[in-house]
**Student:** 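Let me give you the structure first, and then I'll get to my questions.
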Amino acid sequence: MITTIPQSTAFRWTYRAYVTLFFIYLALPLVTVCVFAFNDSVFPSLPWDGFTWDWFFGTETPRIGVFHERPILRSIVTSGVVAFWVSGLSVIVGTCNAFLFVRHDFRGKNLLYILMLLPLIIPGIILGISILVFSSSIANTLEEATGLWFDGLRPGLILVVLGQFSFITTFATLVISARLQKFDSSLEEAALNLGASKWGAIRQVTLPFLFPAMLAAAVVAVLMSFENFNTTLMLVGSDAPLTVTMFDRLKLGSTPVLNAVSLLLIVVSAVLGLLSLLLKRED
Amino acid sequence: DTLRLLTWGGYAPDEVVAMFEAETGHTVEVTKSNNEEMIAKLRATNGGGFDLAQPSQDRVAGAQAEFGIYKPIDLSKIDTSLFIPSMMQATQINTSFEGEVYGVPHVWGTSGLVVNTAEAGGVQDYLDLCGPDVAGKVSYRLKRPTLIGFAFSMGLDPFAAYGDADAYKEVLDQVEAKLVACKSNVKTYWDGGDEIKNLLRSGEVTASMAWDTGGWQLNDDNADITFVAPKSGALGWIDTFVIPSRGRADDAAYDWINFVMRPDIAAMITNTAGNFTASQGGDAGVDDALKLKYQASFPAEAIDNIKWYPAVPAGLEALEGAALDRINAAK
Amino acid sequence: MSDIPDLECRALCKSYNDFQAVKDVSFSVPKGTFFSILGPSGCGKTTLLRMIAGFQEATGGDLLIKGKSMLDVPPNKRPVSMVFQHLALFPMMNIGANVGFGLRQRGVNKSDIQVQVERVLERVGLGGVAERPVDSLSGGQKQRVAIARCMVLEPDVLLLDEPLGALDLKLREHMKVELKKLQSEFNTTFVYITHDQSEALVMSDQIAVMNHGRFEQIGTAKELYYQPDTAFVAGFVGEANTHTARVESANGEALHLVTPDGLHLRGVDAGDRLAKGDRAQIFVRPEAIRLSRSVADLAGLQNTGKGRVESVLFNGANSQLILRDGANGAEMSVALPQTAEFRDLAKGDDIHFGWAPDQTRCYRQVS
Amino acid sequence: MSDIPDLECRALCKSYNDFQAVKDVSFSVPKGTFFSILGPSGCGKTTLLRMIAGFQEATGGDLLIKGKSMLDVPPNKRPVSMVFQHLALFPMMNIGANVGFGLRQRGVNKSDIQVQVERVLERVGLGGVAERPVDSLSGGQKQRVAIARCMVLEPDVLLLDEPLGALDLKLREHMKVELKKLQSEFNTTFVYITHDQSEALVMSDQIAVMNHGRFEQIGTAKELYYQPDTAFVAGFVGEANTHTARVESANGEALHLVTPDGLHLRGVDAGDRLAKGDRAQIFVRPEAIRLSRSVADLAGLQNTGKGRVESVLFNGANSQLILRDGANGAEMSVALPQTAEFRDLAKGDDIHFGWAPDQTRCYRQVS
Amino acid sequence: MRSDTSKLGFILLLAPLLIWLLTLIILPHVGMFIVSLREKVGIREYETGFANYAVFFNEPLYWNTFARTAYMSITATFLTLLIGFPIAYYIAKLTRGRTKTTLFLMCLIPFWVSELVRTFGWMILLRETGVVSSFLQYAGLTSAPIEFLYNDAAIMTGLVYTSMLFMVVPLVTTLDSLDDSLIEAGYDLGGSSLSILREIVIPHAMPGIVSGCIVVFMLSLGNYLTPILLGGKDSLWFTGLIYSQFITRFNWELGSAFGFLLLGLSSLIVFLALKLSGQSLGKTMGR
Ligand SMILES: Nc1ncnc2c1ncn2[C@@H]1O[C@H](COP(=O)(O)OP(=O)(O)OP(=O)(O)O)[C@@H](O)[C@H]1O
Ligand SMILES: Nc1ncnc2c1ncn2[C@@H]1O[C@H](COP(=O)(O)OP(=O)(O)OP(=O)(O)O)[C@@H](O)[C@H]1O
Ligand SMILES: NCCCCNCCCN
Ligand SMILES: [Mg+2]
Ligand SMILES: [Mg+2]
């Protein structure tokens, strides 16, 4: 049951075997994806035709490596731009929300809190289509009324950013609120008592305290943005982020280039994921 | 300018793009897609987001009527002499709406059967895909060409029923029943050209309904696999150029059209995409091997038997969609 | 000039909605005094202190520092500093930055800050630690940093909200002595709140005992201990045995009382001017009770009795006996004298006890 | 039958890798005893208790309850119950379900459980609260529920791991007395661990003082206080002034010592058989030191001196003086007698002091 | 004066929240609802009514798919809980220090990789010419290749895999907060492992279980990639229907109606789960 309670050896070993199997199950698909990035074949499947770096550095069709695939490189940049805006916006709004929910009491607070949590239980695809439908009808109305074009309200990067922002902000709010809740408000009072102004106290004491959480929230936001598919799919215009590009590729039939991209993604995500955990542990 | 091109896989090979960019100074961003998604995207953006798209000719007029997502083609900006006149004309007729022309032809080809003759030599027509000898080794798309192909194979004439929704519904019901019964034979419904090629190449699928080019390309690696024009007739399609109503780089779009229709470029595209183009003299530079395969798949009577798609009247797609959904849901 | 008190409260009040947390509190603290506010949990100490610091607005009365009203001065402009219960050292800054924080807010230039920070750290015995992170210090050292952080600003009044509450027993004992020493070195006015009587008694020049939002008594430790003004103070400061009784006769301060069991006691009136027939509450400290094996030894004491030892709570120098009074069965605790004479006393033994009338303080019973 | 002890440990050991947390501990606890284990933090108390409960495996020695070895019995089968430091009441159950938990595990039927739960709750003075949630109780009440939860199972031995540690001062004082009372009512063997000497002294029949994994001494409170076997016990139990000195001459137990400053002291050998020339550590309790304004009064005491009052730590009955010895400048704390004679003593006053040789316990100095 | 500035501060904090919720959550859903009420009667002609909802109820295909999606999602949720609980327990209670951190991190790594990549991995593993089939042939356990892809079991494998971390993480967090001494106390009072699990561990872990289940259920219900890519011809999933109404049928009106029904279903099931377990959304999800 716990380490201090004696258990039979058979039980302990069965339990350990189960845990081991579980982690094999977790690792298997990822390891497979990574391994086949080096298969010297145009399919990411058996048989194993030898080792190659082509799917990273190749320049000859059909073996064009990730680093020479313009569309993939472009979509990585697109994903990066989207992630930047999404994490920036959601951390800012999340920080405001955290202050609002932790520091203020007002009528309707509970209702707003539930509303704030709602994006967690709305399927991503619904978020996507509702924003698509809504922004399109606004755009139609505006265009009819003014004769101008409102491209920002049509599928494209702006909507992708807004769509992802709409639910990632909830995560940012939760992460930052959790830390702000742990903030001992007497620290702020101490700053006031030592002569700091209200804003000075927040800037010099509260925000530095929140910083690890804000950074962790930003990393989480970047990761969620990078991997988001359902919401993005409905809002994407001509600039497709990486997952959408990969999905299109996958539908058309996969080559190990996809494995190569995945491998890079896994490496980067793992690094970022670890980073965010390290930051969280500072809490 | 940047030309945002919404097209099929293979229609804008990297070398062609590079040559075009070098020659004109435009940049090209290629998004690969299919008919439904092209229209869906343009509908969502209200005709924005892209500067040039390539739906099939039967999908232009209906979509224009419903959503108004294209702008008329300015034929004066196109070097019409580059096109095979008959195709140009047929396409213009099919893509006209309220007196304006919305599309010009680019690539044409057929859908038929791609078969591993060593393992599924018996497959000669669409209905043969439902035979017991290929059980579990079959693939086709769950899209309208499959409905049409099976209808012809069952001795029906879906195109004749286009004008009459009830009659067409009748046709669809029969096809639906057939495809539901056939479902157990299917390994998976394929989606993109490379996907079906992978399935055939790996041997997971031995007989499929697919585009002709796939068969010819696979033939290079495995002589057993090839395209077979079905007994009841291959389905002929022409993919077009259309200009989205809110495209922002019309000049670049026209430049692209005129560029890729040049016989030398057209030949390059044929060599990668596998399909012939509407370019006058474009087949001159095509690999002899490809021409041979084409001729082997299409003896004269097979060419005559090709069923060319007429434009889809608006509204029929809803019927087809419902039928496809039911097939998908069947167990 | 020097007769203006550093801190003065005049009928200060604070209500939360209907609830009056601080009621009409008035006091003044002369310069350089160690002033403690002692009271049970929830009596309003923190509220009072936070009003002085400016974190809570008074709902009535006035508050003056060096003779100037502070009511409209925001907390960051008041010449008072506060040591928080959990110290509230800034964890994101090193020790030097913590101590220099207030000077930075005043816009003092960097090199001056550094000099002053180092000087004050040395005064609290922590020279050379400026670069170290806060967490590298022990509890007692942190305490000193918190004080240094305030003292560097040379406040008129230093407020301390139970700063020893979070420390463990041994360290608390030690810091009591240390705090008092620091205060007399800096010669700054300290206002110290606590619910631990021994802290207040040991350190303070003046103590105010607070209860239910009111000050019950202000005085030195000895005054509170030996001459408590009210029953509450008598019970809260130090231990005491209590009885209730009726006043049989009053002769000036000297009272003659009878308990409900008919026991006669002699006591002194603690100031409530009790008269015959009044119900009184009586307090007798355990150490005021003398023990003896023979009645004769206790002859001089007017209140005597005989009891049986219920239990011996042996605790070295602070041992106590729990006696059961033979006359009325009441429990009584008696400090066990350090003389070897009573060391062998055990449960069940009988013993005589007695105490003097002037150790028997009587208050009016409030029912 | 009754001479089989309830609990017996024989050379019990516990190592964590290289580190020996409990070393060769042997003791036995007769039925009905309140047995305390007292020692500083980290000395191995919890480890020992958890071995008894079965949550930690002994790495050597034997452990018997009512004469039966428990080494191979899993914790849920041992006839001992444990009151955890933070009580470990189940927050997901109401009070009745908490107390009835153990009986449910034994398969006792529902109505019996209800009856027994109610009975034991009444015995701890909490009748009728069975339906209430755990959190509706005060700290002291929770304590009693935790005890009731164990006692309902009628264990042979009840183990308590610093159960008062989390309570505040006043409540802790109160619970000390209460715990002792409960123990004698249930007449169950209690094994109680604490690092607070006053808890151990007040409640226990027998106390073991533990240090670095070893038992230094087992005895009653008085034995430990007045006849500590080792320097550690002398320093840990009760307060003491310490000196170091060299033995000048030894005459049986009586020693004559000289401090490094040349001061001559008379003391008794605490059992280390000191000889001339040995270095000794000397302990004198603050309350053993007598004060007087005249030297003459202290004539009988062989160790005397004169000092100046450094500070008066007034704390009611427990007031202390800090004296600075005029002869060698050492600080000394002296309990302030309760007699009014010294009440007016103030900082800077000079006073004579002295103590008897038998209050001067000497141990061999371990360098 | 002081209360004026704090009022301004409050409004400044409130504004982003309101703008966010209003323009990206509330109004879009209202808009979607309005669109779902538009019946198409001809080319570019619409009327208002519930026809789109009627389509749903009259076509067995749609509500069958709806039911299947709900049923599969609930199954996936239970499976995930069943598989994940012992793991979370192991990490939270049976490991310490470095091992614990490592195992916890190992749990998280797949979580940070896009779902697409994870599913892609399963495709490579499960396809007829894939790793598992080849391995079985190599090991002599089977003579012919086996197709593991394109069936409900494959979908379930993918869903459980994708969701696992969202179950394990909240479980580890709540189990971590279970004081070991409660378990010891239970044991000390004579409890068996099973009764302690039932009476102490599970009641304590309830908020984690509920929040994990809600998240996993929502993720499964709203999943699009896994059923499409692993399910093949049997991939039917309600999100797929929504997607095809928007993308291949250009029928936003029906698609919006479907979207609303899905939202209704998910809210209903979450509501029921919260009611049955006596938890609240704020408590479980807000952590
Ligand atoms: N913001 C508030 N709203 C309502 N009542 C409050 C508020 N703050 C404190 N109180 C009440 O005022 C009374 C005094 O509280 P205060 O914190 O001043 O007590 P305290 O003497 O410092 O107690 P402690 O020794 O426990 O710190 C308490 O009864 C408390 O419940
Ligand atoms: N699992 C363990 N592994 C290694 N060392 C341990 C372990 N548990 C305890 N120790 C060490 O054993 C020694 C005794 O610990 P134990 O908890 O028994 O002390 P304690 O007397 O109960 O202290 P406290 O009064 O602080 O509770 C300590 O030095 C501790 O660091
Ligand atoms: N129904 C029309 C099909 C059009 C197909 N275009 C195919 C391009 C393949 N490379
Ligand atoms: Mg307080
Ligand atoms: Mg311990």
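Chain letters run A, B, ... following the sequence lines, proteins first and then strands; every chain starts at 1. Any value given below was found using the heavy atoms of this structure, including those in side chains, with hydrogens, waters and symmetry copies removed. This one's a predicted model, so the numbers in the text were calculated from it and none came from an experiment.
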**Student:** Taking ring pair (Phe, Tyr, Trp, His ring centres under 6.0 Å) as the test, write out the residues that go with Phe271(E), two or more places apart.
**Tutor:** none
**Student:** Between Asp205(D) and Lys180(D) (salt bridge meaning N to carboxylate O under 4.0 Å), is one present in this structure?
**Tutor:** yes
**Student:** Do Tyr192(D) and Glu199(D) pair up side chain to side chain, a donor and an acceptor below 3.5 Å, judged on atom types alone?
**Tutor:** yes
**Student:** Give the atom names and distances for all donor-acceptor pairs closer than 3.5 Å across chain D and chain E.
**Tutor:**
{"unit_1": "Arg50(D)", "atom_1": "NH1", "unit_2": "Glu184(E)", "atom_2": "OE1", "d": "2.7"}
{"unit_1": "Arg50(D)", "atom_1": "NH1", "unit_2": "Glu184(E)", "atom_2": "OE2", "d": "3.1"}
{"unit_1": "Arg50(D)", "atom_1": "NH2", "unit_2": "Glu184(E)", "atom_2": "OE2", "d": "2.5"}
{"unit_1": "Asn76(D)", "atom_1": "ND2", "unit_2": "Gly191(E)", "atom_2": "O", "d": "3.1"}
{"unit_1": "Met82(D)", "atom_1": "N", "unit_2": "Asp188(E)", "atom_2": "OD2", "d": "2.6"}
{"unit_1": "Arg104(D)", "atom_1": "NH2", "unit_2": "Glu199(E)", "atom_2": "OE1", "d": "2.8"}
{"unit_1": "Gln105(D)", "atom_1": "OE1", "unit_2": "Ser195(E)", "atom_2": "OG", "d": "2.7"}
{"unit_1": "Gln105(D)", "atom_1": "NE2", "unit_2": "Glu199(E)", "atom_2": "OE2", "d": "3.3"}

**Student:** Which bit of Met82(D) comes within less than 4.5 Å of chain E, counting heavy atoms only: side chain, backbone, both or neither?
**Tutor:** both
**Student:** So, do Met167(E) and Cys213(E) sit near enough that their side-chain heavy atoms are less than 4.5 Å apart?
**Tutor:** yes
**Student:** Residues in side chain to side chain contact (heavy atoms under 4.5 Å, CB included) with Ser184(D), at least two apart?
**Tutor:** none
**Student:** Check whether Leu89(D) gets within reach of chain E through its side chain, its backbone, both or neither, counting any heavy atom under 4.5 Å.
**Tutor:** backbone
**Student:** List the residues meeting salt bridge (Lys or Arg N to Asp or Glu O under 4.0 Å) with Lys14(D), not counting sequence neighbours, and say none if there are none.
**Tutor:** none
**Student:** Distance only, no hydrogens: is a donor on one side chain within 3.5 Å (strictly under) of an acceptor on the other, for Gln206(D) and Thr33(D)?
**Tutor:** no
